[in-house]
**Student:** 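Take a look at the following structure, please.
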Amino acid sequence: MQEHSHCRHRFTETDGPAVFRTIDGIEVNVAGSLFQKCTTCGHFDFPVDTREAIESSLKENRKNTNESKQIYINLVETF
């Protein structure tokens with residue numbers, strides 16, 4: 001468990017899936033990525049590459065008004 005200085009909450013490392021809803025109502029389901037979850041409020045803290053994938057998918061979803069308000073992201077590491 002780690003404590004982050006920016007919010008003073010304790011985070012645990014988790015490997016998913018992470019499911020959350022954005023402010024504009026899009027449900028995001030992320031699998032296959034390690035992330036940190038706040039033990040108090042449930043806030044997710046993703047690595048930079050995962051955050052970029054989420055932001056890219058959200059941007060694409062918001063452009064297409066006919067799209068479903070759900071996004072499924074499955075991140076797989078290749079060696």
Side-chain angles (χ1 to χ4, degrees):
M1 196 176 306
Q2 297 176 340
E3 185 174 328
H4 290 268
S5 60
H6 66 276
C7 68
R8 299 281 185 220
H9 291 170
R10 296 192 182 275
F11 283 73
T12 59
E13 293 211 6
T14 311
D15 62 354
V19 180
F20 62 94
R21 187 175 301 274
T22 62
I23 294 171
D24 55 351
I26 299 172
E27 183 178 303
V28 180
N29 188 327
V30 182
S33 175
L34 290 176
F35 58 91
Q36 295 181 337
K37 182 178 181 181
C38 176
T39 58
T40 321
C41 67
H43 171 83
F44 294 108
D45 189 16
F46 293 100
V48 174
D49 55 339
T50 303
R51 250 182 292 165
E52 289 173 353
I54 293 169
E55 290 170 7
S56 173
S57 295
L58 285 170
K59 188 175 183 181
E60 196 64 35
N61 188 281
R62 289 176 179 134
K63 273 199 253 181
N64 301 324
T65 55
N66 296 333
E67 286 289 320
S68 168
K69 292 300 178 187
Q70 294 179 325
I71 296 174
Y72 298 95
I73 302 171
N74 190 7
L75 300 169
V76 179
E77 287 205 24
T78 56
F79 298 96

**Student:** Out of curiosity, does F20 fall in the hydrophobic cluster containing I26 (side-chain heavy atoms, cut-off under 4.5 Å, transitive links)?
**Tutor:** yes
**Student:** Are side-chain heavy atoms of I54 and F46 found at a separation under 4.5 Å?
**Tutor:** yes
**Student:** Step by step, would you call N61 with K69 a side-chain contact (heavy atoms from CB on, under 4.5 Å)?
**Tutor:** CA-CA 8 Å; N61 188 281; K69 292 300 178 187; 4.0 Å; yes
**Student:** Ignoring hydrogens and geometry, is there a side-chain-to-backbone donor-acceptor pair from S57 to A53 under 3.5 Å?
**Tutor:**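 Yes; at least one donor-acceptor contact below 3.5 Å.
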**Student:** Between A18 and F44, which heavy-atom pair has the shortest distance, and what is it?
**Tutor:** CB-CE2, 3.8 Å
**Student:** Out of the candidates I71, V19, I73, only one should pair with N29 under the side-chain contact (heavy atoms from CB on, under 4.5 Å) rule; please name it.
**Tutor:** V19
**Student:** How long is the span from the CD atom in E55 to the NZ atom in K59, to the nearest 0.5 Å?
**Tutor:** 9.5 Å
